[in-house]
Amino acid sequence: MSLNYYDLILPVVPKGTFTYTSEHDIPVGSRVKVFFGSRIEHGIVKGKADKIHPDISYKNINEVLDDKPVFPEKYLTMFNKMSNYYQTPLGIAMRGVLAKSILSSERLDVDCDISDKSILLSLSNDQHSVYASLTKIIDSGFSANLLHGITGSGKTEIYIELVKECIKKGKQVIYIVPEISLTPQIVQRLSERLGFSVPVYHSKLSPKRKQKVFWGFNSGCYPLVIGARSALFIPSDNIGLIIVDEEHESSFKQEESPSYQLRDMAVMYADILNVPVVLGSATPSVESYFNALNGKYRYLELNKRFNEKQLPEIKIIDLKTSDIIDNLLSVKLYDKIFEKIKQNEQVLLLLNKKGYSKHLICKKCGTTLQCLNCSIALTYYKKGDYAKCSYCGEIYKFFKCSECGENDFLDFGHGTEKAVEILRELFGDTVIKLDTDSVTSHKKMQSILNDFYSGKYNIMVGTQLIAKGFNFPEVTLVGVLNIDNLLSLPDFRANERAYQLLMQVAGRAGRFIKKGEVFIQTYNPEMPVFQLLNSDSEKFYMEELSRRKEHDYPPFMRMVRIIISDTKEDRAKKTMETISEKINEAKSSETKTLGPSPAPIFKIKNRYRYSFIIKTPNVSRIQVLGRIARENFEVLKKGNMQLKLDVDPYFFM
DNA sequence: CCATGAGCCTTC
DNA sequence: AAGGCTCATGGG
Ligand SMILES: [Zn+2]
Ligand SMILES: [Zn+2]
């Protein structure tokens, strides 16, 4: 028997593929076990090796795990495209997307307990015109569809109809939501409506649970899986529809390599599979809105027929000219809250900062307490009496001023913990807090929401978690305590994020019978975003798009951010300078660059960071310039210096 | 003479 | 990334 050479994708760092030999014929997409260096790794057969070097001694494939391949060819095509577009070697792409516990796991015969008859597939009687126009997309090849509709406009109902239609045609559905662990309601709702227990997939599941869902979906047994980003990467050769809910969520962008944008990957994958993808949001991303405008996506706006209630008018409170209580509440907002409590109605207050205070400032010399590993001010937590760095996670139990050694500090910049303290002094025990610090588990979250829902508390204060679409009929007032920190970020999406957050939180007020009111406190009432909150959303998108165009930002230009980081400051600087010179030499006139410059957060985890940004209208230039960066880095790198190539970046600090 | 540990090199 | 290798350092 002759020897076959196979290229394998292994979940290891150095490069894309490694070549191994086997006497057997192994189909592409099979999982194999091999010796790699001195350890054992599991990988995927990518294909027959195209070149064999005589001076490399190839190892034999140890074991083939599958009798039929787990990863379809189209899946591998998607994988290659991802690796190529995001400038990430296949190995890193693989380790970022497929759990090791899956790669090495025995294929399970999952009994998913679903009989065809028990699935509730009868379509809704509703004559909603969107149903008719949308269900046609199932089984008609690739299409990207943007569903723009506020909460309560029936978005989820449309997803359910599409899922049913797709299952009816014998195909499977992948349904992606951000932060599935925080929104178990949607799973319950889908399960009730479809008549089977819908499996959930995300990276925090136990390996056992993960394997069950993975193999259950892969075998075609589960007709639907709902999950976080990683659910998109469960392979199956029978996928008929991909849904991405809350498509505007910036958490769909993965920060670690491969730093892919899930929504964009979903569209790319659907295109490869030749199936429809549906993106839904009450406040679509500017990118998706633009794609809808230029015809790349089909645009479907859900008119507010489903609930006649209009959004309440959003009013701005200028903090510069207001009397302010405890540096937190304008007298005007205080009066409003007081009035609502007297009528036993409920209030939601948004403050986008966790902990007690944003900064600790030395009373003696005025120095801000900083993390020793990062150039970042420490957040103080009163409960537990410690300071914490939000970038490296380091906790400081005992701290003193780095300049004068004193340990007497003034807290500055309120977080939710302090806000609760102040509000309790003003309004009594009727205040409850909701942020990721108070939510340590599903159960805790559910109990906080239930307590508030049942009326045990009148005021809930929290971070953006409170904007996540929970419905509280008694909420008639929404207050935004401070949005200015979000708007002052050096980030071209700051405006968009603020708009989305404000619209989402405003949507929590007076959703039902009672009339709602929304107040936003700010020191910068003249900022354009505030003028657009009460207009038609179209106006916001058009203005934002023209601003983006004027400043050469996405979606008009592609962006790549290069970060060089190193424990030695001068080495990082020099390397970044050389690489940026090489790129500037090679770039065409339509390509624009920014930097190099020290990153806004100069030091993270003891690594000094230099940043360089490329903007180009031409997608193919990304690959070319990216390769220049990587090749030069390979030559220049010393010690533990790192290069990060972030294609379509969302993080600019 | 060997134990320890910091760089750096290789992984088909 | 991570194990392995090399070479410098240091105590007995
Ligand atoms: Zn001091
Ligand atoms: Zn830190």
Side-chain angles (χ1 to χ4, degrees), chain A residues 1-65 71 76 79-80 82-83 86-104 203 207 230 233 254-260 373 392-393 563-572 574-575 604-609 629-646:
Chain A
M1 205 181 270
S2 72
L3 206 55
N4 298 307
Y5 290 82
Y6 292 105
D7 280 336
L8 308 184
I9 311 171
L10 299 178
V12 296
V13 169
K15 68 180 182 102
T17 58
F18 289 87
T19 306
Y20 282 77
T21 59
S22 175
E23 287 151 25
H24 305 284
D25 275 324
I26 311 171
V28 169
S30 305
R31 292 175 308 149
V32 293
K33 183 173 158 186
V34 295
F35 286 116
F36 178 75
S38 58
R39 57 201 151 120
I40 287 171
E41 290 288 352
H42 296 266
I44 304 172
V45 176
K46 187 182 173 233
K48 291 244 169 153
D50 22 273
K51 36 181 186 275
I52 290 130
H53 295 275
D55 43 342
I56 296 176
S57 75
Y58 295 99
K59 285 183 182 168
N60 211 268
I61 289 173
N62 217 272
E63 190 186 330
V64 182
L65 274 73
F71 298 90
L76 297 178
F79 220 73
N80 272 314
M82 172 164 88
S83 152
Y86 289 106
Q87 298 282 302
T88 309
L90 276 169
I92 296 178
M94 183 175 186
R95 76 161 43 219
V97 142
L98 286 166
K100 278 204 167 179
S101 65
I102 295 287
L103 272 173
S104 59
S203 58
S230 56
F233 301 96
Q254 175 151 309
E255 281 309 327
E256 324 79 74
S257 240
S259 44
Y260 66 93
N373 315 320
C392 70
I563 293 268
I564 299 279
S565 66
D566 195 354
T567 44
K568 299 213 168 54
E569 187 188 330
D570 51 328
R571 253 185 358 194
K574 254 191 214 117
T575 310
I604 294 181
K605 293 183 191 169
N606 285 317
R607 306 180 70 88
Y608 296 90
R609 308 164 67 244
R630 279 181 294 146
E631 283 171 1
N632 280 287
F633 180 75
E634 278 313 308
V635 179
L636 296 165
K637 85 162 177 212
K638 291 210 178 66
N640 48 12
M641 193 187 284
Q642 279 176 15
L643 165 80
K644 179 169 182 175
L645 271 178
D646 193 352

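Here the structure is a predicted model, which is why all the values come from computation and not from measurement. All chains are named by letter (A, B, ...) in the order of the sequence lines, taking the proteins before the strands, and each is independently numbered beginning at 1.
Between the CG atom of A:Asn640 and the P atom of B:dC9 there is a distance of 14 Å, rounded to whole Å. Taking atom CZ of A:Phe36 as the reference point, atom C1' of B:dT11 lies 4 Å away to the nearest angstrom. As a whole-Å value, the separation of A:Arg39 CZ from C:dA2 P is 7 Å. We find that NZ of A:Lys568 is positioned 7 Å from P of B:dG7, with the value rounded to whole Å. Rounded to a whole Å, the NZ atom of A:Lys638 is 12 Å from the P atom of B:dC9. In this structure, A:Tyr58 atom OH and B:dT11 atom P are separated by 12 Å, rounded to whole Å. Following rounding to the nearest Å, A:Tyr20 (OH) and B:dT11 (P) show an atom-to-atom distance of 10 Å. At whole-Å resolution of the value, CD1 in A:Ile56 and C1' in B:dT11 are 11 Å apart.
Side-chain contact check for A:Asn4 versus A:Ile26: every heavy-atom pair is 4.5 Å or farther apart.
Checking C:dG3, B:dC12, C:dA1 against every side-chain atom of A:Arg95, the shortest atom distance belongs to C:dA1. Set against B:dC12, C:dG4, C:dA2, the side chain of A:Ser38 has C:dG4 as its closest nucleotide.
Looking at heavy-atom distances under 4.0 Å, A:Phe35 makes contact with sugar-phosphate atoms alone, never a base.
Under the salt bridge (charged side-chain N to carboxylate O under 4.0 Å, His left out) rule, A:Glu41 has a single partner from A:Lys59, A:Lys100, A:Arg31, which is A:Lys100.
Among residues two or more places apart in sequence or in another chain, the side-chain hydrogen bond (donor to acceptor under 3.5 Å, both in side chains) test is passed with A:Arg95 by none.
Shortest non-hydrogen contact noted between A:Tyr58 and A:Lys51 is OH-O, 4.3 Å.
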